[in-house]
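A short worksheet on the structure shown next.
What you are looking at is a predicted structure, and each value in this text was computed from that prediction instead of being measured.
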Amino acid sequence: MNEFGALLVFGLASAAIYAVAASGLVVTYQTSGIFNFAHGAVAMWAAFVYWQLSSPDAWGLPVWLALVLTLGVFAPAFGFVIDKVLMRRLHDASPITRIVVPIGLLVALIQLATVVWSPAESRTLPRFFDGDVVQILGVGVDYHQIVVFVVAIVVAVSLRILLYRTRVGVAMRAVVDSRDLAGLNGVSPDRISSLSWAVGCTLAAVAGVLIAPILTLDQTTLTLLVINAYAAAVVGRLRSLPLTVVGAVILGLLREGAARYSTEINQWMAPGTEPAWMPDRLAGLLHTVAGWINVETVPVIMLFIALLVLPQEKASLFHRQPDRSRVPNPSLKTVYLACAGLVVVAFIIPSLTSGAALDAVGYGLALGIVALSLVPLMGYGGQISLAPLAFAGIGALVMWEWGSDGNPLALILVVVICGAVGALVALPSLRLKGLYLALSTMAFALFCEKAVFAGVDGFAQGDASYERLQIGPIDTSSNRANLVLMAVVFALLGLLVTFLRRGPFGRRLQAMKDSPAACATLGLDLTRLKLEVFALSAAIAGIGGALLGGWRGKVGTEQFALLQGALPGLPLVLMAVVGGIASIAGVLLGAMLYSMFPLIGDTYPGLKNIMTVLPGLAGITLASNPDGAIAQTIDKVGAALARRRSKRPDPDRHKAIDLLAPAPPEVVPELVLAGGGSLTAADREAIDDEVGLSWGRCHADPRDA
């Protein structure tokens, strides 16, 4: 009974925190239509602000005052600023922009928190009423957990009353359906949007303050724990608060069960313990699956299953905002020259630099290949993926297992396995679109990080090393040769993507991006098209991961994590979109800048903090520039050239203006009257004064315009 009681009590305590956090997600989405990917980062910031205010090692304010300032001032004001500066601009934005900008905010807040509060220092928060314990179902429960229960109940009741029993709540639910219609009924959409974001961020702050005393204060860990609440919110279909609470209860119990029984499950499924009738391959598969089930993977698995099983919210299907971003179409001559120039630059760079700078260039080129995988998928096809670095990690893992001696034939295996995994990931996600597709690929990336990569000895510790490729007589072990190899691979893959863009496959992808419904009406097989583009994207990312491992010489989970590590995966997606997700040069620019930011910070210590936060800030700028840096640069250069041309004197233009100018009065012909006479100038002036006309004459000189 004690074992079951402990599972129930502690599972429900976790569920209460998840319910509060997920309720904030539902409130912001239900009232603004934007999924707040930065919800976990807001909770993390609130926890650190509460520590800063209340800890004796910081400002040492009374606990009650610190709570009032954190939950009553900081959190609502933070939500108001987020809505005022960013989210109001996104209600008419494209699906990719509505997803990437909150992700940019998530990354920026995590990076900024590491600048304000150094991760090298250990920080803890005491539990509420620490030391007091009561017995429930034979289990000792401290007062902090009771506070969590009470707060969760109060939040649930208060939200129900707010959303369904008050005029403000009705207005909050009406704004997301139609801002214009709500405005016609006397509702201020901007004011309601600010209120909803203030409420949502306050609930995130409550979750952060409640969960922080259970853990040590860590920027990424706290953020990821609140991200677990995504699963509960999806169970509620991002709409229903009661179903969200049900999802939180399921999540809390499953996570507590995994924490208590994952070791027993692994021992029960250990090799040699399977029944005699079970085939060896099935037993091996079950052993692997059992090893993947732990306290960190349960929320990810639940999120993925919920996305596949539960029906999508209808607004995401029938009120889809079209993607108006441009797809560059350079000439083949320009593409050939750019590819040749890239190879030449790769050959020259080792003569100009070395050490950390050269390492950053090679790292950026490898990441450029990974980012290139997003061009056909997101840029051309409009299919959102947050897992390119996960596929790159699979490619590096395959290369380590079967090509550690530098055998180039292992790249074929990388392409085949990564392409097959990409198709398998796409297969259950075929019915998902927009936000749901982004969440499913995010779940896959987290699963690879927490289960697949972490379950391989050597790779988990970052000790997986393999030699650089040996292509017949060509030895690429030197930095110059390896850099040129990566440049050649990027150029070839870029040419492949360009040719696909110009062919039937590329036209089908762009048609799917513009209107999936119209494509289905015309008989286009969208299922096959999605499988093909996901497989292609995963294969390209796998090649990039394999070459990245060869360049660095040693890889592991840290290089392919979503939010952790020196260069995590989400900022790479941001920088690819910032550079221009539909532009091959744009994604290369984004990847190179991303790899250079740490180098610039180390070289110029005064810029280190700026370089740390810059990837997230760059993602936020997409709210005003959805086409990316390359497109913006081309537009500015074109506008500047147009202004210069307009300032040049044009004699032909002045001749045309002279022809349009009115004739002087002395050359205006006299109008002949029926009786043979003509109107004099005095007659015309008298008629003009009487009727208010000027006989069709225009006295304005167009040269004055």
Side-chain angles (χ1 to χ4, degrees), residues 36-42 44-45 86 96-97 99-115 119 219-221 223-224 227 360 363-375 377-379 384-393 438 441-442 444-446 448-449 541 544-545 548 552 555 557-581 586-602 607-623 625-626 628-629:
N36 185 15
F37 280 91
H39 197 71
V42 173
M44 175 268 296
W45 261 82
L86 289 178
I96 291 179
T97 304
I99 290 172
V100 171
V101 171
I103 291 177
L105 180 61
L106 163 67
V107 174
L109 290 178
I110 293 176
Q111 294 167 333
L112 185 60
T114 61
V115 172
Q219 287 85 350
T220 306
T221 302
T223 302
L224 286 173
I227 283 178
Y363 200 5
L365 192 51
L367 290 178
I369 298 175
V370 178
L372 179 62
S373 67
L374 296 175
V375 173
L377 183 65
M378 292 178 63
I384 302 172
S385 173
L386 303 181
L389 216 57
F391 291 113
T441 54
M442 183 178 184
F444 172 75
L446 287 172
C448 288
E449 175 187 345
L548 185 149
R552 293 182 61 87
V555 291
T557 305
E558 181 182 358
Q559 280 75 42
F560 306 105
L562 192 68
L563 284 172
Q564 296 174 314
L567 293 174
L570 276 185
L572 175 62
V573 177
L574 291 179
M575 293 304 298
V577 179
V578 168
I581 197 60
V587 296
L588 179 61
L589 172 66
M592 292 298 297
L593 289 176
Y594 183 43
S595 66
M596 289 295 173
F597 287 157
L599 177 65
I600 297 173
D602 293 337
L607 300 177
K608 188 175 182 63
N609 292 339
I610 297 177
M611 293 298 107
T612 300
V613 184
L614 200 54
L617 296 180
I620 292 174
T621 61
L622 289 170
N625 179 34

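Contact annotation: the side chain of P571 approaches that of V107 to within less than 4.5 Å [non-hydrogen atoms, C-beta and beyond]. With contacts defined as side-chain heavy-atom distances shorter than 4.5 Å, the pair T220/L224 qualifies. Side-chain atoms of V613 and T114, non-hydrogen and from C-beta on, never get closer than 4.5 Å to each other. Contact check for F560 versus L548: side-chain heavy atoms found under the 4.5 Å cut-off.
Atom CG of L588 is separated from atom CE of M575 by 11.5 Å, given to the nearest 0.5 angstrom. Here CZ of F391 is found 6.0 Å from OG of S385. Values are rounded to the nearest 0.5 Å. Taking OG1 of T621 as the start and CG of L614 as the end, the distance is 9.0 Å to the nearest 0.5 Å. In this structure, T221 OG1 and Q564 CD are separated by 6.0 Å, a value rounded to the nearest 0.5 Å. Annotation: the span from I620 atom CD1 to L105 atom CG amounts to 5.0 Å, rounded to 0.5 Å. In this structure, CD1 in I227 is found 5.5 Å from CG in L563, a value given to the nearest 0.5 Å.
Nearest approach of A438 to I384, heavy atoms of both residues: CB-CG2, 3.7 Å. The shortest heavy-atom contact between M611 and G601 is CG-N, 3.8 Å. In this structure, L374 and A576 approach most closely via the heavy-atom pair CD1-CB, 4.2 Å. Of all the heavy atoms in G364 and M592, the pair that sits closest is C-SD, 3.4 Å. The minimum heavy-atom distance linking M442 with F37 is given by the pair SD-CE2, 3.9 Å. Here the closest heavy-atom approach between residue L574 and residue G616 is recorded as CD1-CA, 4.3 Å.
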L389 vs Q559, side-chain contact (heavy atoms from CB on, under 4.5 Å): CA-CA, chis, key distance, verdict: CA-CA 8 Å; L389 216 57; Q559 280 75 42; over 6 Å; no
Verdict with reasoning, I103 to V573, per side-chain contact (heavy atoms from CB on, under 4.5 Å): CA-CA 9 Å; I103 291 177; V573 177; over 6 Å; no
Worked check of side-chain contact (heavy atoms from CB on, under 4.5 Å) between T223 and L109: CA-CA 10 Å; T223 302; L109 290 178; over 6 Å; no
Worked verdict on V577 versus M378 for side-chain contact (heavy atoms from CB on, under 4.5 Å): CA-CA 9 Å; V577 179; M378 292 178 63; 4.2 Å; yes
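Checking side-chain atoms of T441 against main-chain N and O of L386 turns up a donor-acceptor pair under 3.5 Å. Formation of a donor-acceptor pair under 3.5 Å by the Q219 side chain with backbone atoms of I110 is not found in this model.
Aromatic ring centres of Y594 and Y363 lie farther apart than the 6.0 Å criterion allows.
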